[in-house]
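Shown next, in structure tokens, is the structure this report addresses.
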Amino acid sequence: MDMKYILSGDNGFDDGEQTVYDVVVVGAGVAGMTVALELNERFRVALLSKTGINEASTYKAQGGMAVAVGTDDSAERHIVDTLKVGQGLCCQEAVTCLAEEGLDALEFLLRQGVEFNRRNEGFDLTREAGHSRYRVAHYYDYTGRHIAERLEEKVAARKNVQWIKNCFVLEVLTNDERCYGCLAFYSGRLVVFWAKALVIASGGYAGIFADSTNSIAASGDGIAAAYRAGAVLADMEFVQFHPTSFLTPGGGVFLLTEALRGEGAVLRNAAGDRFMTSYHADGELAPRDEVSRAITKETKLSDAPVFLDARHLGKDYLAKRFRQVYTSLAGYGYFLEKDLVPVRPAAHYSIGGIKTDLWGRSSLDALYACGEASATGVHGANRLASNSLLEAVVFGRRVALAIASQPMHEVVFQSLKFLDRRALRRGLDIQNLGVSLNQAAGVIRNGAAMNKLLSSLRQIPNTECEADLLKQYSTANTFQLAELILAAGIARKESRGTHFRSDYPEKDDNCFRRHTIARWGKEVSME
Ligand code: SIN
């Protein structure tokens, strides 16, 4: 810690501190904590997180974790449902790992002290869109928060893991296609974390949309840093919109879990009619893209919101089973047993991210990714509800295994010669960009609007700006990710999965059963 590292001189940073770990994991969600817990005590691990657990998307996950544990269920059925919702773009091997390792993932969580609601001898499984079986294990309606709290306690008890909070990772450090750590901003100073392996588990980028169920901390900083360092990204256009978010009077967005519809809540338009059955045979439990699109259309048709109606489920049941949603809505004056609640789609989950293999290995040696930051291929063009907590645990465990089973490189100490590839742009307003993304890259999109926004972003000159370093980085990352969402959205000229292109309304399997790939310095391509 007392050594000074040498900066190459042209990055504008002062000399700072350095520290050495075997493995550095970035992220405070279930994916990062799983990696840290699954690496045994011989590894010195640093867990770096920009925030505490309560800002991570894990903490906000209400519905639960999909796992084929019901007596009428099987991993095969889970695979079929996941592939169907993913609309031909899933990586079948990754989906097989996800479903077949589901029980092990569940047992891992149980060993960490996580509980799930029980019914009779088994789990109290619920249903969500796209699932052919009751398959979602949950803890009331705050499953993610419960998991995060239990894992945090376990991590805190591990002597080999140091959790460094309020630590913002600025750059992934590489040399000759190999990662050797990261540069972070911590406690007002720059720190280099040298590592034999770096794991990006810092979540997705759906938080950069103005309407998002995520916290603003879900701004894809780890993905942007990996991209600048040369890691390949995939499928950045696919952002899943959750159909039922509630806009708070203060302008915040609050998720109303799909489990409400799984347990019988219905959607009504301004005239009070149930409309989903005329859009899809599965009604309110149609895949999320279908429900989001139907809501968008109904809202436009009547120029009024649509409503979630759970009144028939009764206060006793609602207040107990959905205690977090019930209490939060009551705080805004809505009581689920008697009120219709206005809902609308909001950006919820980013499917794109750092492209990895089945072991979380990125295109750069010693750089791994898992959870929402990764693009493992399990979600294809649309994620099956409640597969994300499962993905984070299954692939978090796989990353830990991969690291443990490979000979580790020695730590490389060298002068920092990374290229500062941030786009420094003066006076950019992230909030306005989020609103523009809502409009140009929402549930229904078209090439003209995406091109217009993309070219306006690219025309903003790079200039030195006076804001502090963190503001510079988070602004640069947000703009970088917005450009990638738009460029990938333009490259995929068809309608598949999470969004619909009004100028290319059909699916085009022959030409486009491919993935969008982003590499630093190159235009996004379909491969
Ligand atoms: C929800 O509770 O509706 C969210 C679950 C998910 O996104 O998987």
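What you see is a predicted model; the values in this text were computed from it and never measured. Each ligand, and each atom within it, is numbered from 1 in the order the structure gives.
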Short side-chain donor-acceptor distance under 3.5 Å, [Y] and [X]:
X	Y	value
His379	Asp235	no
Asp81	His131	no
Ser350	Glu372	yes

Identity and distance of the protein heavy atom lying nearest atom 2 (O) of ligand 1: Thr257 OG1, 2.6 Å
re atom 8 (O) of ligand 1, the protein heavy-atom contact at minimum distance is Ser386 N, 2.6 Å
Check whether NZ of the Lys or CZ of the Arg [X] lies under 6.0 Å from the centre of the six-membered ring of [Y] and within 45 degrees of that ring's axis.
X	Y	answer
Arg111	Phe108	no
Arg323	Tyr140	yes
Arg361	Tyr368	no

Between His348 and ligand 1, does any nitrogen or oxygen pair lie at a separation below 3.5 Å?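 Yes, there is a polar N/O contact under 3.5 Å.
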Contact (N/O only, under 3.5 Å) between Glu128 and ligand 1: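 No.
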How far apart are the C-alpha atoms of Met236 and Val524, what are their side-chain angles, what is the distance that settles it, and do they pass the side chain to side chain contact (heavy atoms under 4.5 Å, CB included) test? CA-CA 10 Å; Met236 294 294 287; Val524 170; over 6 Å; no
Taking only heavy atoms of [X] into account, list the atoms of ligand 1 that are under 4.0 Å away from them.
X	value
Gly63	1 (C), 2 (O)
Ala385	8 (O)
Glu258	1 (C), 2 (O), 3 (O)
His242	1 (C), 3 (O), 4 (C)

Determine whether the side chain, the backbone, both or neither of Arg288 has a heavy atom under 4.0 Å from any heavy atom of ligand 1.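 It is the side chain that touches ligand 1; the backbone stays farther off.
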